[in-house]
Amino acid sequence: MASSRTPTLADPKPSRLRIAGTLYRGNEGMWSWVLHRISGIGIYFFLLVHVLDTSLIRVSPEAYNAVIATYKNPIMGLGEVALVGAVVFHAMNGLRIIAVDAFPAATRIQRILFWVVIGLVIVLMAGFTPTHLANVFGEH
Amino acid sequence: MTATVESPRTPYAYPARSKGRRGPNLEKAGWIFMRASGVVLVVLIFGHLAYNLLFTPGGIQAIDFGFIGGKFANPLWQWWDVAMLWLAILHGSNGMRTIVNDYVHREPLRRIALGAIAASAFILIALGTLITFTFDPCPAGASADLLPSFCPIS
Ligand code: HEM
Ligand code: HEM
């Protein structure tokens, strides 16, 4: 246990940003874990389908072009923004997990790092979304 | 004084700390693999999305059989895709294994779920690798306007 000589971190204070009424009112750590898990599962199931649709290049040009055409309609276009958002979040949060595990300095600021992750996701998606939506909805 | 704490781990995980354990520590290898593959996947997947959806004029609208023909004419993209395929499937399947161990506690069901994950991983890695390296950009009999521009006109 912590003696007076071993420096320990102060007990984490409960965040004020709690959502009242949920069963387990966790802090940033809980939400990053939930989002990491859900995004990972979502990407996994997309990838299962994606490898199958790509493998149609071995069937015929017509077969491949027919499935990839379904990626080009507006509803799928919005779904692709969600997919890329999930990938970007999972990637940035994954790097945060790796840093928090590897570097004590990162562990000390893990709660701030969660908000850094959210900031990076917003910046990266602000770069991606206008170009993608212009391609989905624009003239072609 | 030492206190013994009952293992708080999920009982299905490889018993890394148990006294009688022999052989390599597979859970630790998996833990390291998730981190190593994660770092590489950031580069591979961000590169994949940036090239296909942002840098290519038209983005998603430009993707078709001819687009892939042009891309796979460069072996760099073939190896890029195969590396991405192996790492993403192995990383995702190992992550799904963790999640199944967390939530599925009925033994026959858990075994079926883990078996399905392993079988899907094996089939998709084999299929994806095969189609990438046996890809024919100019299949005989296909209409020329669906093919990349470098195909001989027949
Ligand atoms: C883009 C780069 C990626 C990075 C940096 C990354 C990072 C990570 C890390 C570090 C973990 C381990 C978390 C832990 O041990 O607590 C993890 C878990 C996971 N990853 Fe990824 N990953 C990436 C891409 C992917 C992809 C493409 C998929 C799906 C095919 C995926 C699916 C999962 C799943 C299902 C888990 C388990 C989540 C859990 O146990 O709650 N990841 N990821
Ligand atoms: C909407 C977003 C996406 C589009 C439009 C897209 C499109 C494509 C296209 C056209 C190919 C064929 C070859 C190539 O271009 O390199 C491909 C292959 C591939 N993609 Fe994606 N992709 C998307 C998202 C993703 C994501 C998020 C992942 C990772 C989890 C991924 C993983 C792969 C893999 C592994 C291959 C290679 C398959 C093989 O060679 O068997 N893609 N994708």
Side-chain angles (χ1 to χ4, degrees), chain A residues 1 36-52 54-69 71-73 76-77 80-81 83-84 87-88 90-95 97-99 101-102 124 127-128 130-140, chain B residues 31 34-39 41-43 45-46 48-50 53-69 72 81 84-85 88-89 91-93 95-96 98-99 102 117 120-121 123-125 127-128 130-132 134-139 141-143 145-148:
Chain A
M1 276 274 85
H36 197 80
R37 185 156 271 199
I38 293 177
S39 59
I41 297 171
I43 304 164
Y44 174 79
F45 283 107
F46 165 77
L47 186 61
L48 298 189
V49 177
H50 187 49
V51 174
L52 293 178
T54 302
S55 68
L56 290 178
I57 59 174
R58 209 64 193 85
V59 175
S60 76
E62 288 83 359
Y64 182 78
N65 289 353
V67 267
I68 203 69
Y71 280 67
K72 302 179 186 184
N73 81 54
M76 287 293 274
E80 285 143 18
V81 174
L83 170 71
V84 174
V87 171
V88 168
H90 190 95
M92 294 300 114
N93 194 240
L95 295 178
I97 294 172
I98 296 169
D101 285 349
L124 289 167
F128 171 79
T131 311
H132 186 62
L133 290 185
N135 286 331
V136 170
F137 292 100
E139 292 292 310
H140 47 262
Chain B
W31 186 90
M34 289 307 272
R35 278 139 189 86
S37 61
V39 172
L41 279 169
V42 174
V43 177
I45 296 179
F46 279 38
H48 181 63
L49 294 172
L53 296 178
L54 298 178
F55 297 157
T56 302
I60 184 78
Q61 302 290 351
I63 297 177
D64 59 11
F65 185 88
F67 168 83
I68 300 179
F72 280 176
D81 278 22
M84 182 163 67
L85 171 78
I89 298 269
H91 175 108
S93 302
M96 292 300 287
T98 305
I99 294 171
D102 276 0
I117 292 170
S120 320
I123 292 168
L124 290 174
I125 285 180
L127 177 72
L130 203 72
I131 61 111
T132 308
T134 63
F135 174 64
D136 176 4
C138 311
S143 129
D145 55 335
L146 298 178
L147 301 182

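- Both the backbone and the side chain of A:Val88 come within contact range of chain B, with heavy atoms under 4.5 Å apart.
- Interface summary for chain A: among B:Ile68, B:Leu130, B:Thr134, B:Ile45, the most heavy-atom pairs under 4.5 angstrom belong to B:Thr134.
- Contacts with chain A were tallied for B:Asp81, B:Thr132, B:Leu41, B:Ile89; B:Ile89 has the most, counting heavy-atom pairs under 4.5 Å.
- Under the 3.5 Å distance criterion, the side-chain polar atoms of A:Lys72 are matched with a main-chain donor or acceptor of B:Ile63.
- No other option in B:Val39, B:Val42, B:Leu124 has as many heavy-atom pairs under 4.5 Å with chain A as B:Leu124.
- For A:Leu124, the part sitting under 4.5 Å from any heavy atom of chain B is the side chain, from C-beta outward, and nothing else.
- A heavy-atom distance below 4.5 Å is found between the side chains of B:Pro139 and A:Pro61.
- Ring geometry, A:His36 versus A:His90: the interplanar angle falls under 30°, so the pair is classed parallel (tilted spans 30 to 60°).
- The greatest number of non-hydrogen atom pairs below 4.5 Å with chain A, out of B:Thr98, B:Leu85, B:Asp64, B:Ile123, is found for B:Asp64.
- Both the backbone and the side chain of B:Ile117 have a heavy atom closer than 4.5 Å to some heavy atom of chain A.
- Looking at B:Asp136 and A:Arg58, no side-chain N of the basic residue comes within less than 4.0 Å of a carboxylate O on the acidic one, giving no salt bridge.
- Of the listed residues A:Leu95, A:Val87, A:Ile41, the one with more heavy-atom pairs under 4.5 angstrom with chain B than any other is A:Ile41.
- Interface remark: B:Phe67 contributes no atoms to any contact with chain A (heavy atom separation under 4.5 Å).
- The contact between A:Tyr71 and chain B is made by backbone and side chain atoms together, counting heavy-atom distances below 4.5 Å.
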>> Please determine whether ring pair (Phe, Tyr, Trp, His ring centres under 6.0 Å) holds for the pair B:Phe46 and A:Phe128, giving the CA-CA distance in whole Å, both sets of side-chain angles, and the decisive distance to 0.1 Å.
In response: CA-CA 11 Å; B:Phe46 279 38; A:Phe128 171 79; over 10 Å; no
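- Contacts between A:Met76 and chain B at a heavy-atom distance below 4.5 Å are absent for every atom of the residue.
- The contact between A:Ile57 and chain B is made by backbone and side chain atoms together, counting heavy-atom distances below 4.5 Å.
- The shortest side-chain heavy-atom distance between B:Ile60 and B:Leu53 falls under the 4.5 Å cut-off.
- Here the straight-line distance linking atom OG1 of A:Thr131 with atom CZ of B:Phe55 works out to 10.0 Å at 0.5 Å rounding.
- The line from CD of A:Glu62 to CG of B:Leu146 is 5.0 Å long, rounded to the nearest 0.5 Å.
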